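Inspection log for the structure reproduced underneath, given as structure tokens.
Given the structure is predicted, the values throughout are model-derived calculations rather than measurements. The analysis underlying the following values was restricted to heavy atoms, covering all of them including side chains, and did not include hydrogens, waters or symmetry mates.
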Amino acid sequence: SKLLTGVHPDMRPTVCSDYELGTVAFVHVDGEERGAKGHSKVNPEQAICVRHLVESINCELSDIGVITPYSGQVSAIRQELRGVQDGARVQVASVDGFQGSEKE
């Protein structure tokens, strides 16, 4: 009845940044979700926050994965990352898109 991980926290590499995020971060961002592209939702403030974090973290961009439940938000984050050099190397996908992925 509890979600367990097969990797002990001590075995996960930490992300090098000015922030102490560890290997997984859930960041609360105030902002308003809006409907976009049919029934999908978008929160522009969250997309801007993702860009800021990607620019601040000192690691290979291909090691970063961003998971969001909405396809509209996937598009918004990808659009925001176009302003980051090599931002396309960041994997941005819906929950379903990450399922089965080997991204740590």
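- Counting only heavy atoms from C-beta outward, the side chains of Pro44 and Glu80 never approach each other to under 4.5 Å.
- In the hydrophobic cluster analysis, where Ile, Leu, Val, Met, Phe, Trp and Tyr join through side-chain heavy atoms closer than 4.5 angstrom, Ile48 is grouped apart from Val90.
- Shown here for Glu45 and Arg34, the closest heavy-atom pair between the two residues is OE2-NH2, 4.0 Å.
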**Request:** Might you work through the side-chain contact (heavy atoms from CB on, under 4.5 Å) test for Gln73 and Glu33, ending with a clear yes or no?
**Result:** CA-CA 9 Å; Gln73 189 68 358; Glu33 289 182 348; over 6 Å; no

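- From Arg51, atom CZ reaches atom OG of Ser56 across 11.0 Å, with rounding to the nearest 0.5 Å.
- For the pair Ser94 and Ser71, the minimum side-chain heavy-atom distance is 4.5 Å or more.
- Between Val50 and Gln46 the shortest side-chain heavy-atom distance does not fall below 4.5 Å.
- Separation of atoms NZ (Lys41) and OG1 (Thr68) is listed at 11.0 Å; rounding is to 0.5 Å.
- How far CZ of Arg82 is from CD1 of Ile77: 13.0 Å, rounded to the nearest 0.5 Å.
- Note on Val66 and Val74: same hydrophobic cluster, where clusters join Ile, Leu, Val, Met, Phe, Trp and Tyr whose side-chain heavy atoms are under 4.5 Å apart, directly or indirectly.
- Contact detail for Leu61 and Gly87: the closest heavy-atom pair is CD1-N, 4.1 Å.
- The cluster map of Ile, Leu, Val, Met, Phe, Trp and Tyr, joined by side-chain heavy atoms under 4.5 Å apart, puts Ile67 and Tyr70 in different clusters.
- Closest heavy-atom contact between Gly72 and Ser40: N-OG, 2.6 Å.
- Of the inter-residue distances, the one linking Leu81 atom CG with Arg89 atom CZ reads 12.5 Å to the nearest 0.5 angstrom.
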